[in-house]
Amino acid sequence: MKVLFVSSEVAPFAKTGGLADIAGSLPGELRSLGLEISVIMPLYGKINEAKFKVKSTGKTISAQVRDKTVKAKICKTDTVNNVTTYFIKQDSYFKRDQLYGTPQGDYPDNCERFTFFSRAVLEFCKKFDYKPDVIHLNDWQSGLIAVYLKTLYSDDPFFKNTATLITVHNLAYQGIFWAYDMPILNLGWELFSYKYIEFYNNINFLKGGIVFSDIITTVSNKYSKEIQTKEYGCGLEGVLSDRKKDLYGVLNGVDYSIWSPEADKLIAANYSPKDIKNKAVCKKDLQKIYNLPQGPDVPVIGIISRFADQKGFDLIAEVIDKMMALELQLIVLGTGEQKYHDLFAAIGKKYPKKAGIKIAYDNTIAHKIEAGSDFFLMPSRYEPCGLNQIYSLKYGAVPIVRATGGLDDTIINYSPRTKKGTGIKFSKYDSGELMKAIMRALKLYADKKAFTKLVKDDMKLDFSWKMSGRKYIELYKKAIKKAKKR
Ligand code: ADP
């Protein structure tokens, strides 16, 4: 089976969130399960071409956007993730510092950039005679590929049996553009209908991907159900429940060659469930980096996150004074919306001995937080899968989470009575509930014996790609069957 995995971000080349981690690890797993698979993404300005040995293939493709024919060079590297990654080099679209825009706003030509990207992927297939059985799309940036295959390219014998599977990593980001951008897409106006890509008088790339793909997946089972409801559906709940027979939840796996305290080269000292004493070394290192008192006994609660409404920081804002009155340290790493920059900066200023705040994107510090924290806090309003709570289990930073989406699927609430469970979970999106969860965590921390056992048990859990990789292969087969019936 031959698959082309299309993603607008892939770790370690370029990353803004969890999608990059998935795109950087799942294809390698699928390859080891016997699939022929390549990855394709834009060549952004921030990608370190020398470091990753990105070379030109010497071939050029061209694709139509609006009434222009736009050319791109195709580059590639075989040096990372055990798969070939192809890059679409179109500097006027992609040679920029950021992927999609700055905190001040999205790039105004994102519609054109990702229309081009989608068409360029199909042109790439033809030019390189890369005939995939399945094109695996991810999020809105590649959603149009499914639309094109069933419209402009539907008579093209090259793609006769090509199936599509789209994975929705976060339904809140849909790629919505005003109707006046329709000519950029070169699709007939009949597509601008509520049945296809129209959405409240706008164009919606993700909707197009959902309507036209053979199979749809989301990144946890719970989220696949939640998004069919008004509360979580972001306006697409109807479209998704119409396709519920083809909608599956496949939990993300993680790459333990990068995220494991036994192998991690970025942390102060390595440790394993057999011997966790070096976790104390990591804790001290983290407290030092954050300029906090280096006490071994004070519980450290870590946060690494995009600063977005989704992540539940308004709950923290409501109870921060109560939280800071407790015997704990709060360590935060994140960037994103200005209001959360302001919130956390104010917390750091008010509680310099108890709260360590870094407003930054920093992979090394992210690893150090996982290793040095006793708890990891994710009070998300919604969470499609969430990776940090899974990394936290492996690093023995006991997750404190709200029971939503992937957080609910991956964490089992700990009961002090039965001593079973893997983390602290609360259900209602409510700051009082969050406070209670933190109190439960501190109580557990005070019971050294039970806490140490939980840390070690968490570290032994396995959320690697093995299971989910096989599930994707099953779903690829389903998609191929559906495509053949067309
Ligand atoms: P999302 O995709 O919603 O951002 P996930 O938990 O699925 O959330 O994935 C987030 C990924 O991005 C994790 O690998 C996390 O470590 C990383 N990350 C998020 N913010 C930062 C940051 N400020 N610095 C370093 N890494 C970050």
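For ligands, and for the atoms within them, numbers begin at 1 and follow the listed sequence. If you're wondering where the values come from, they're calculated on a predicted model, not measured in any experiment.
Side chains of T217 and T167: a donor on one and an acceptor on the other come within 3.5 Å.
Residues passing the side-chain hydrogen bond (donor to acceptor under 3.5 Å, both in side chains) test with K76, sequence neighbours excluded: none. Shown here are the side-chain hydrogen bond (donor to acceptor under 3.5 Å, both in side chains) partners of S25, two or more places apart in sequence or in another chain: W465.
Surrounding NZ of K322 are at most 12 heavy atoms belonging to other residues, nucleotides or ligands under 6.0 Å away.
Remark: ligand 1 atoms within the under-4.0 Å shell around heavy atoms of S305 are 20 (N).
Across Y382, Y173, Y361, heavy-atom proximity to atom 18 (N) of ligand 1 is greatest for Y361.
Looking at ligand 1, you won't find any N or O of N363 less than 3.5 Å from one of its N or O atoms. Checked by distance only, ligand 1 and W259 stay at 3.5 Å or farther apart across all their nitrogen or oxygen atoms. Of the polar atoms of N170, none of the N or O atoms is found under 3.5 Å from an N or O of ligand 1, judged by distance alone. Considering backbone and side-chain N/O of G18, one or more are found under 3.5 Å from N/O of ligand 1. Between L387 and ligand 1, a contact under 3.5 Å exists for at least one N or O pair.
Using a 4.0 Å cutoff on heavy atoms, A360 counts as a contact of ligand 1. For G334, the heavy-atom gap to ligand 1 drops under 4.0 angstrom. Residue contacts with ligand 1 include K311, since one of its heavy atoms falls under 4.0 Å from the ligand.
Between E112 and Y93, the closest side-chain pair of non-hydrogen atoms falls below 4.5 Å.
Nearest non-hydrogen protein atom to atom 4 (O) of ligand 1 is R306 NE, 2.8 Å.
Salt bridge D321/K350: present, at least one basic N to carboxylate O contact under 4.0 Å. Taking the charged nitrogens against the carboxylate oxygens, K222 and D408 do have a contact shorter than 4.0 Å, which makes a salt bridge.
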